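What you are looking at is a predicted structure, and each value in this text was computed from that prediction instead of being measured.
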Amino acid sequence: MLDINKLREFGADVESGLERCMNNEGFYLKLVEKSLGDNSFDKLVEAIDSNDLEGAFEAAHSLKGVTGNLALTPIYDPVVEITELLRNRTDMDYSELKSRILEKRDELSEMCR
């Protein structure tokens, strides 16, 4: 089961995330768990795999907001990187960044079990 200490060990900026949730730990943890099911993760993968840079940007930008507001730094950092590259429609292989994002999401998901 997810708790604040596990989130700290994961590398989340728990204090910032809690502050945005009015220091309501239960509410914060609930939002973190809910964020893992955000369909923007799937949309990002699908868009990157089909070379749809516009769709990938939209999904990444959405994830940037969610992960930033919850201060999920290990996911947020690569999401910011991919968002800016996609914003500029940089022609490159996005698979490494995509993998880093999904790896961190999956790591956090495992902590929720």
Lys30 and Glu33 ion-paired at < 4.0 Å: no
Side-chain heavy atoms of Tyr76 within contact of Val80, under 4.5 Å: yes
Heavy-atom pair of closest approach, residues Ser16 and Ala71: CB-CB, 4.1 Å
Nearest non-hydrogen partners of Arg20 and Gly68, listed with the distance: NH1-O, 3.4 Å
Passing candidate, side-chain contact (heavy atoms from CB on, under 4.5 Å) with His61, options Leu44, Thr83, Leu86, Ile82: Thr83
pair Asp52-Glu54: side-chain heavy atoms closer than 4.5 Å: yes
Backbone of Arg105 reached by a side-chain donor or acceptor of Ser109 within 3.5 Å: no
Ile75 vs Phe41 side-chain heavy atoms within contact, under 4.5 Å: yes
Electrostatic pair Glu84-Arg87, nearest N-O below 4.0 angstrom: yes
Glu81 bridged to Lys64 by N-O distance under 4.0 Å: no
Glu15 atom CD, over 12 foreign heavy atoms within 6.0 Å: yes
Sub-4.5 Å side-chain heavy-atom contact between Glu103 and Asp106: no
Closest non-hydrogen atom pair, Ala12 against Pro74: N-CD, 4.0 Å
Pairwise side-chain contact, Leu7 with Leu29, heavy-atom cut-off 4.5 Å (strictly under): yes
Nearest heavy atoms of Pro78 and Leu97, plus distance in Å: O-CD2, 4.1 Å
Lys6, NZ: over 12 other non-hydrogen atoms inside 6.0 angstrom: yes
Electrostatic pair Asp49-Lys98, nearest N-O below 4.0 angstrom: yes
Close side-chain approach of Val45 and Ile101, heavy atoms under 4.5 Å: no
Shared hydrophobic cluster, Met22 / Ile4 (ILVMFWY, side-chain heavy atoms < 4.5 Å): no
Residue pair Ile48, Ser95: steps toward the side-chain contact (heavy atoms from CB on, under 4.5 Å) verdict: CA-CA 8 Å; Ile48 287 172; Ser95 58; 5.9 Å; no
Asp42 side, atom CG; Leu102 side, atom CG - distance, nearest 0.5 Å: 8.5 Å
Over all atoms of both residues, closest heavy-atom pair of Arg89 and Tyr94: C-OH, 4.4 Å
Joint hydrophobic cluster, Met92 plus Val79, side-chain heavy atoms closer than 4.5 Å: yes
Glu58 backbone acceptor or donor facing Ser62 side chain under 3.5 Å: no
Point-to-point distance, once rounded to the nearest 0.5 Å, from CZ of Phe27 to CG of Leu18: 11.5 Å
Expected output: side-chain Asn88 to main-chain Thr90 donor-acceptor under 3.5 Å: no
Pairing of Lys104 and Glu107 as salt bridge, 4.0 angstrom limit: yes
Side chain to side chain, Tyr28 and Asn23, heavy atoms closer than 4.5 Å: no
Stepwise salt bridge (Lys or Arg N to Asp or Glu O under 4.0 Å) test for Glu110 and Arg113: CA-CA 6 Å; Glu110 282 297 315; Arg113 295 179 188 195; 3.3 Å; yes
Criterion side-chain contact (heavy atoms from CB on, under 4.5 Å) on Val66 and Ser40, from CA distance to verdict: CA-CA 10 Å; Val66 170; Ser40 294; over 6 Å; no
Side-chain heavy atoms of Ser35 within contact of Thr67, under 4.5 Å: no
